[in-house]
*Asks:* 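Pasting a structure below so you can have a look.
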Amino acid sequence: MSNFELSEQEGIRRNSLKRLRELGINPYPAAEFEVNATAKEIKENFVAEKKNYQEIVFAGRIMSFRIMGKASFAELQDHTGRIQIYVNRDEICPGEDKTMYNEVFKKLLDIGDIIGVKGFVFTTQTGETSIHIKEFTVLNKSLRPLPIVKEKDGKTYDAFTDPEQRYRQRYVDLIVNPHVKDVFIKRTKIINTMREMFNEYGYFEVETPILQPIPGGAAARPFKTHHNALNIPLYMRIANELYLKRLIVGGFEGVYEFAKDFRNEGMDRTHNPEFTVMEIYVAYKDYKWMMKFTEEICERVALALHGTTKVQLDDKIIDYKAPYPRVTMTEAIKEHTGYDISGKDEKELRDICDKLGIETDPSMGKGKLIDEMFGEKCEGNYIQPTFITDYPVEMSPLTKKHRENPELTERFELMVNGKELANAYSELNDPIDQRERFEDQLKLSEKGDDEAMFIDQDFLRALEYGMPPTSGMGIGIDRLTMFMTNSSSIQDVLFFPQMKPEKKAVELTEEEKLVQGLLKAKSPVDLVELKTATGLSNKKWDKAIKGLTSKKVAKVEKNDDGLFVTLV
RNA sequence: GACUCAGUAGCUCAGCUGGUAGAGCACAUCCCUUUUAAGGAUGGGGUCCUGAGUUCGAACCUCAGCUGAGUCACCA
């Protein structure tokens, strides 16, 4: 980057960097800097154990400065929080040379720099636990000014809030908005809690392919890519279900994976093109067992995060205390629309949709019609955790038919706050039935459903060797995190949500280049003469000359003879 | 994909019926001995998102575009 593009503050910081080097201070030292305390533990423990904090070594980023004559205060932030430091000139610089304080500390350091300090902990007159420092070490010179967020009495000033900047520059967001970090700490805690529970049960964490020749296990549009050496198309996985079931065939009795899935679909507040799903498959279990297991997951996660099963979400309290109500899809539709869908054919279902004011199109089969009814009229009503069970067979091509009614499947979704949180089945292990279901999907695809599933011959081959009765469940980690951290947008629970690329900064425009060319021939030159020579319209001339002056390419000066333009 | 709103200094935001920009913080210079978003004084800093149009004149009006947010549509 050339120098004239730097803002004033960036220029000043680069000059400070240069000056530090001139003083023999390495602004980017290589050596280990071993700390022996964190901001959090000092603030929590100092008052009770004063003796333990007489020789501490601490490192952090400078977040505020209060410089006075011979004494200054600053706040340092480490991964646990912030703590104040007190700096006294004559202690930092015991001899005659006061450079370390007067120049280095007061002038060359900026908010955003990272320093290490040695000293002792004390309490100021105003009662703030602080580090009285004896020496400091520059660990990193920051070249960009940080947005400064201030807070007093719970009121925040100058908050860094622009969502675009927060998501694009998450590193800045994390530095200045401490609550952002909390969300991600909770996200990891959710995953750890689940992993611990599954391991306790003796289940086995595995990894399965992300690049797949046939994207299976869900109804969604995949991302397509290409493998050069094999010269074949490959797809990014939309689910890991079919691979995990192959492992059950292979003899594992409980497998799970925290998986990144990819779907080439719309983006909004609740959808990111890549997202995390936990899928688990357990042999010799059914979907009824899985409901209890899912309840235990939710309960344990809520307790691990909040110490209670009651979790705030918007203006509601969601209680994850088990057990949750079980409502069949037929009951749910009956309750919220008044129509009984049991035993109805496609035409009758379409008529009901019409009466309910639900739009349909000819590509929709029975399953899709029922799904629409549920999605439009029922889903939103289930705020507290509720299992919706026994989905129509057309909607669930990988699910075992219901033991009592072949029109239905042994499937449940866990609804929370009107949204799907988890999805589970008694897995279909009848290879002949599975092949027929895939063929039905193919028919849907021919009818125009671009999300219908492909036939995975290898998966069918695996089932033909025999898979024990198995129950599987998938849970959206992003959505669970949103629920557990009261976040209204998926972007708030992803470190780096997908964004459109940033636009490149434009260089000189055509008009500016024209003016620059004329200036190279003659400079300084009378402004009116130059303008006439360009032949530009008033507006274009104005833009061009302002552009050049702002980029410090040209300069306009006024003297007694008039206005003159000079090439810089 | 449709509609609504927004884009002005490093950050948060003003900016009147159209007359080429302001504040606070941040930054710089100077003064100041344990201060609490904020000591005092002075000063510098701008592609008003981009382009075109209307106009004597556009941050402001019109059109197109870019980016983001929200609502809806699509969608496990």
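Chain A is the first sequence line, chain B the second, and so forth, proteins listed ahead of strands; every chain is numbered from 1.
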*Asks:* Which atom pair, heavy atoms only, marks the closest approach of A:Phe46 to A:Tyr53?
*Replies:*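 Distance-wise, the nearest heavy atoms are CD1-CB, 3.8 Å.
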*Asks:* Using the P atom on both, measure B:G70 against B:U47 and round to a whole Å.
*Replies:*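 Straight-line distance between the two P atoms is 29 Å.
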*Asks:* Measuring only the C1' atom in each nucleotide, how far is B:C13 from B:G18? A whole number of Å is fine.
*Replies:*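 So the two C1' atoms sit 22 Å from each other.
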*Asks:* Tell me: NZ of A:Lys368 to C1' of B:C74, nearest whole Å?
*Replies:*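 Roughly 10 Å, once rounded to whole Å.
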*Asks:* How many Å lie between NE2 on A:His271 and P on B:A73, as a whole number?
*Replies:*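 These atoms are roughly 13 Å apart.
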*Asks:* Could you measure between the two P atoms, the one in B:C48 and the one in B:A26, and give it in whole Å?
*Replies:*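 So the two P atoms sit 26 Å from each other.
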*Asks:* The criterion is side-chain hydrogen bond (donor to acceptor under 3.5 Å, both in side chains); which residues satisfy it with A:Asp268, sequence neighbours excluded?
*Replies:*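 Residues passing side-chain hydrogen bond (donor to acceptor under 3.5 Å, both in side chains) with A:Asp268: A:Thr270, A:His271.
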*Asks:* Let me have a per-nucleotide readout for nucleotides 39-44 of chain B, 5' to 3', with B, S or -, counting only protein heavy atoms under 4.0 Å.
*Replies:* -----B
*Asks:* A:Glu265 side chain: which of B:C75, B:U35, B:G10 is closest?
*Replies:*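 Of all the options, the side chain of A:Glu265 is nearest to B:C75.
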*Asks:* Taking the P atom of each, how far is B:A21 from B:C49, in whole Å?
*Replies:*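 Taking atom P in both B:A21 and B:C49, they lie 15 Å apart.
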*Asks:* Could you state the atom-to-atom distance from CG of A:Asp173 to C1' of B:G10 in whole Å?
*Replies:*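 Atom-to-atom, A:Asp173 to B:G10, this comes out as 16 Å.
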*Asks:* Which part of the nucleic acid, if any, lies within contact of A:Asp162, taking any heavy atom under 4.0 Å across all strands shown: a base, the sugar-phosphate backbone alone, or nothing?
*Replies:*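 Sugar-phosphate: the residue A:Asp162, judged by heavy atoms under 4.0 Å, touches backbone atoms but no base.
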*Asks:* What's the CZ-P distance between A:Arg144 and B:A9, to the nearest Å?
*Replies:*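 Between P of B:A9 and CZ of A:Arg144: 15 Å.
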*Asks:* Could you work out which one of B:C11, B:G10, B:U34 sits closest to the side chain of A:Gln165?
*Replies:*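 For the A:Gln165 side chain, the nearest candidate turns out to be B:C11.
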*Asks:* Any carboxylate oxygen within less than 4.0 angstrom of a Lys/Arg side-chain nitrogen, looking at A:Glu241 and A:Lys245?
*Replies:*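 A:Lys245 and A:Glu241: salt-bridged.
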*Asks:* Between the base of B:U35 and the side chain of A:Gln84, is there any donor-acceptor pair under 3.5 Å?
*Replies:*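 Per atom types, the contact qualifies.
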*Asks:* Pick base, sugar-phosphate or nothing for A:Gln491, based on heavy-atom distances below 4.0 Å to the nucleic acid.
*Replies:*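 Answer is sugar-phosphate: A:Gln491 comes under 4.0 Å of backbone atoms only.
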*Asks:* Name all residues meeting the side-chain hydrogen bond (donor to acceptor under 3.5 Å, both in side chains) criterion together with A:Ser130; count only those two or more places apart in sequence or in a different chain, and write none if there are none.
*Replies:*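 Testing A:Ser130 for side-chain hydrogen bond (donor to acceptor under 3.5 Å, both in side chains), a comparison that skips the adjacent residues, returns A:Gln84.
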*Asks:* Quick one: side chain to side chain contact (heavy atoms under 4.5 Å, CB included) partners of A:Asp314, sequence neighbours excluded?
*Replies:*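 For A:Asp314 the side chain to side chain contact (heavy atoms under 4.5 Å, CB included) partners, ignoring immediate neighbours, are A:Lys316, A:Asn417, A:Asn486.
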*Asks:* P atom, B:G44 versus B:C3: distance in rounded Å?
*Replies:*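 Result for the P pair: 47 Å, nearest Å.
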*Asks:* Does B:U33 have a Watson-Crick or wobble partner in any strand here, with both distances under 3.5 angstrom, and which is it?
*Replies:*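 Base-paired to nothing in any strand shown.
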*Asks:* Could you tell me which nucleotide pairs with B:G53 by Watson-Crick or G-U wobble geometry, both distances under 3.5 Å, or answer none if nothing does?
*Replies:*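 Pairing partner, where one exists within any strand: B:C61.
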*Asks:* Looking at A:Asp440 and A:Arg437, is there a salt bridge between them, counting it only when a charged N and a carboxylate O are closer than 4.0 Å?
*Replies:*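 Looking at A:Arg437 and A:Asp440, the cut-off is not met.
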*Asks:* What interatomic distance, in whole Å, is found between P of B:A6 and the corresponding atom of B:C16?
*Replies:*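 These two P atoms come out 14 Å apart once rounded.
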*Asks:* Between C1' on B:U12 and CZ on A:Phe160, what's the gap in Å once rounded to a whole number?
*Replies:*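 It works out to 11 Å between those atoms.
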*Asks:* State the pairing partner of B:C16; accept Watson-Crick or G-U wobble contacts with both distances under 3.5 Å, and report none otherwise.
*Replies:*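 Because no pair has both required distances under 3.5 Å, B:C16 counts as unpaired.
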*Asks:* Measure from the side chain of A:Glu164, starting at C-beta and using heavy atoms only, and say which of B:U34, B:U67, B:U29 lies closest.
*Replies:*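 Within the option list, the nearest is B:U67.
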*Asks:* Output all residues satisfying side-chain hydrogen bond (donor to acceptor under 3.5 Å, both in side chains) with A:Asn272, sequence neighbours left out; order by chain, then residue number.
*Replies:*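 With neighbours one apart ignored, the set is empty.
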*Asks:* Look at the side chain of A:Thr126 against the base of B:U34 and say whether a donor-acceptor pair falls under 3.5 Å; ignore hydrogens and angles.
*Replies:*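 Answer no: no donor N or O sits under 3.5 Å from an acceptor.
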*Asks:* Considering heavy-atom distances to RNA chain B, does A:Tyr391 or A:Pro147 have its closest nucleotide positioned more toward the 5' end?
*Replies:*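 On the 5' side of the pair lies A:Pro147.
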*Asks:* Side chain of A:Ala71 only, please: which of B:U33, B:G68, B:U35 is the nearest?
*Replies:*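 Comparing B:U33, B:G68, B:U35 against the side chain of A:Ala71, the answer is B:U33.
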*Asks:* How close or far is atom C1' of B:C11 from atom CD1 of A:Ile111, stated in whole angstroms?
*Replies:*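 Atom-to-atom, A:Ile111 to B:C11, this comes out as 11 Å.
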*Asks:* Check the distance between B:C31's P and A:Arg89's CZ and give it to me in whole angstrom.
*Replies:*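 Nearest whole value for this atom pair: 11 Å.
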*Asks:* Compare every heavy atom of A:Lys141 with every heavy atom of A:Leu108, then report the nearest pair and how far apart it is.
*Replies:*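 Answer, listing the atom of A:Leu108 first, then A:Lys141: O-NZ, 2.6 Å.
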*Asks:* Does OP1 or OP2 of B:C27 have a side-chain N or O of A:Lys106 closer than 4.0 Å?
*Replies:*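 No, because none of the side-chain N or O atoms of A:Lys106 sits under 4.0 Å from OP1 or OP2 of B:C27.
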*Asks:* For the C1' atoms, the ones on B:G1 and on B:U62, what distance do you get once it is rounded to whole angstrom?
*Replies:*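 B:G1 and B:U62 have their C1' atoms separated by 25 Å.
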*Asks:* Name the nucleic acid region contacted by A:Arg13, choosing base, sugar-phosphate or nothing; use a 4.0 angstrom heavy-atom cut-off, strictly under.
*Replies:*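 Answer is nothing: A:Arg13 stays at 4.0 Å or more from every strand.
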*Asks:* Contact class for A:Phe122 (heavy atom, under 4.0 Å): base, sugar-phosphate, or nothing?
*Replies:*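 Answer is base: heavy atoms of A:Phe122 come under 4.0 Å of a base.
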*Asks:* Any salt bridge between A:Lys400 and A:Glu427, counting N to O under 4.0 Å?
*Replies:*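 Here A:Lys400 does not pair with A:Glu427 in a salt bridge, since their nearest N and O are not under 4.0 Å apart.
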*Asks:* Given the C1' atoms of B:U42 and B:G51, what is the spacing between them in whole Å?
*Replies:*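 Pairwise C1' distance, B:U42 against B:G51, rounds to 41 Å.
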*Asks:* For B:C27, give the paired nucleotide (Watson-Crick: N1-N3 plus N6-O4 or O6-N4; G-U: N1-O2 and O6-N3; both under 3.5 Å), or none.
*Replies:*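 Paired with B:C27, as far as the under-3.5 Å criterion goes, is B:G43.
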*Asks:* I'd like to check the ring-ring contact (aromatic ring centres under 6.0 Å, His included) partners of A:Phe120; sequence neighbours left out, ordered by chain and number.
*Replies:*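 So A:Phe120 forms a ring-ring contact (aromatic ring centres under 6.0 Å, His included) with A:His132.
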*Asks:* Between B:C11, B:A69, B:U34, which one does the side chain of A:Tyr167 approach most closely?
*Replies:*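 Among the listed nucleotides, the one closest to the side chain of A:Tyr167 is B:A69.
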*Asks:* When you match A:Val149 and A:Asp268 each to their closest nucleotide on RNA chain B, which lands nearer the 5' end?
*Replies:*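 This one resolves to A:Val149.
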*Asks:* By the 4.0 Å heavy-atom rule, please label A:Thr161 as base, sugar-phosphate, or nothing.
*Replies:*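 Sugar-phosphate contact only.
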*Asks:* To the nearest Å, how far apart are A:Lys43 NZ and B:U36 C1'?
*Replies:*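 These atoms are roughly 12 Å apart.
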